[in-house]
Amino acid sequence: MTTDRQRLVDETIDSRRSVRAFLPTPVPRETLEEILRIASRAPSGTNVQPWKVYVLTGSAKEQLSQKILAAYNDPEEAQTHTEEYPYYPAKWVSPYIDRRRKVGLDLYGLLDIKKGDAARMHAQHGRNYTFFDAPVGLIFTIDRIMQQGSWFDYGMFVQTIMLAARARGLDTCPQAAFTQFHRIIGEQLNLPENEMVVCGMALGYADESKPENKLRTERAPLEEWVRFCD
């Protein structure tokens, strides 16, 4: 029998998605503090809690966005900015490349961006750096001494933030795109040398009038990735 608690948890997980267009509606600081406080209960090996979060709103968010966009839109300058860690594999193979292509085609289809339209693809990717117009931008960092175990913990922490936000009627989009411009982020936020940028996140209320927010990504069936061993 499905309990009320189970249904609420399942609905929260199932309704989480990457939103790429937000309303300007502000999110109260008290709500942000609630989300981060409950997310800090995410699992952490030996209770290390390796996360650090920079919450950007107003002029702080706008200034960071403008700095990054200026670099992103300058081809020569953009080439001088590289990620500090590889998010994706150096060589793509199936089924991963197939899933990646599918979501790209689905998103660009909703936006009516044709194959080969480099200008519109560039502009759409650049919307990452405005946090897709969300009123809140989050930048996540980790101490450079931390190893893979803490990065594993970090993923659970970021997921918990997204679920806590969803439970409050908010939407999010985790963004690895920010890692390319970690030097600009470090300068703007005055990050200590020992902190590495993990990713960013847009947070706010989804603009349901935008076509990109109709995207619902597929998930592979269990038989493709689960093996029961009796």
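We're numbering straight along the sequence, starting at 1. Computed from a prediction, not measured in an experiment: that's the story for all the values here.
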Take Lys210 and Val19 through the side-chain contact (heavy atoms from CB on, under 4.5 Å) test and state the conclusion after the steps. CA-CA 10 Å; Lys210 301 297 185 180; Val19 164; over 6 Å; no
Step by step, would you call Arg16 with Asp171 a salt bridge (Lys or Arg N to Asp or Glu O under 4.0 Å)? CA-CA 7 Å; Arg16 188 216 61 81; Asp171 284 287; over 6 Å; no
List the steps and the verdict of side chain to side chain donor-acceptor pair (under 3.5 Å) for Arg166 and Thr12. CA-CA 6 Å; Arg166 192 72 203 103; Thr12 300; over 6 Å; no
Evaluate the criterion side-chain contact (heavy atoms from CB on, under 4.5 Å) for residue pair Arg227 and Cys229; output intermediate values, then yes/no. CA-CA 6 Å; Arg227 179 182 175 191; Cys229 304; 3.9 Å; yes
Could you go through the side chain to side chain donor-acceptor pair (under 3.5 Å) check for Asn47 and Gln49 one step at a time? CA-CA 6 Å; Asn47 203 32; Gln49 305 169 66; 3.2 Å; yes
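The shortest distance between side-chain heavy atoms of Arg168 and Glu34 falls below 4.5 Å. With contacts defined as side-chain heavy-atom distances shorter than 4.5 Å, the pair Arg120/Gln124 does not qualify. Between Glu83 and His182 the shortest side-chain heavy-atom distance does not fall below 4.5 Å. Residues Glu84 and Thr179 have side chains not in contact (no heavy-atom distance under 4.5 Å, counting atoms from C-beta outward). Between Met196 and Leu191 there is no side-chain heavy-atom pair separated by less than 4.5 Å. Put simply, the side chain of Tyr54 does not reach to within 4.5 Å of the side chain of Phe140, judged on heavy atoms. Side-chain contact check for Pro135 versus Thr57: every heavy-atom pair is 4.5 Å or farther apart. Side-chain contact between Ile35 and Leu170 is present, with heavy atoms from C-beta onward closer than 4.5 Å.
A continuous path of ILVMFWY side-chain contacts below 4.5 Å connects Val27 to Val55, so both sit in one hydrophobic cluster. Taken together through direct or relayed side-chain contacts under 4.5 Å among Ile, Leu, Val, Met, Phe, Trp and Tyr, Val198 and Val53 form part of one hydrophobic cluster. When hydrophobic clusters are built by joining Ile, Leu, Val, Met, Phe, Trp and Tyr residues whose side-chain heavy atoms come closer than 4.5 Å, directly or via intermediates, Tyr87 is grouped together with Met162. Taken together through direct or relayed side-chain contacts under 4.5 Å among Ile, Leu, Val, Met, Phe, Trp and Tyr, Val136 and Ile139 form parts of separate hydrophobic clusters. There is no path of hydrophobic side-chain contacts, each under 4.5 Å, that joins Leu56 to Leu32.
In this structure, Lys52 and Glu195 approach most closely via the heavy-atom pair CD-OE2, 3.2 Å. Contact detail for Leu107 and Glu212: the closest heavy-atom pair is CD1-CB, 3.8 Å. When all heavy atoms of Trp51 and Ser44 are compared, the closest pair comes out as CH2-CB, 3.8 Å. The shortest heavy-atom contact between Met121 and Gly116 is CE-N, 3.7 Å. Closest of all the heavy-atom pairs between Ile142 and Pro50 is CG1-O, 3.7 Å. Nearest heavy-atom pair across Arg100 and Val103 is O-CG1, 3.2 Å.
Side chains of Thr217 and Arg219: a donor on one and an acceptor on the other come within 3.5 Å. For the residue pair Asn128 and Gln175, a side-chain donor N or O sits within less than 3.5 Å of a side-chain acceptor on the partner.
By the 30° and 60° cut-offs, the orientation of the rings of His125 relative to Tyr129 is perpendicular.
Between the side chain of Asn73 and the backbone N or O of Leu69, at least one donor-acceptor pair lies under 3.5 Å. Using a distance-only test at 3.5 Å, with no hydrogens or angles considered, a donor-acceptor pair links the side chain of Asn213 to the main chain of Asp207.
Checked against a 6.0 Å centroid threshold, the rings of Phe131 and Phe178 count as neighbours.
One finds a salt bridge joining Asp14 and Arg216 here, because a Lys/Arg side-chain nitrogen approaches an Asp/Glu carboxylate oxygen to under 4.0 Å. Asp112 and Lys114 are joined by a salt bridge, as a carboxylate oxygen and a charged side-chain nitrogen come within less than 4.0 angstrom of each other. Here Lys102 pairs with Glu218 in a salt bridge; the nearest charged N to carboxylate O distance falls below 4.0 Å. The residues Glu62 and Lys67 are annotated as not salt-bridged, no charged nitrogen and carboxylate oxygen being separated by less than 4.0 angstrom.
Applying the ring pair (Phe, Tyr, Trp, His ring centres under 6.0 Å) rule to pairs touching residues 197-230 yields nothing, sequence neighbours excluded. Applying the side chain to side chain donor-acceptor pair (under 3.5 Å) definition to pairs two or more places apart or across chains, none involves residues 151-164.
Every side chain to side chain contact (heavy atoms under 4.5 Å, CB included) that His81 has, sequence neighbours left out, goes to Ala71, Glu77, Gln180, Phe181, Arg183, Ile184.
Annotation for Arg5: atom CZ does not count as buried by contact number, only 12 or fewer foreign heavy atoms lying within 6.0 Å.
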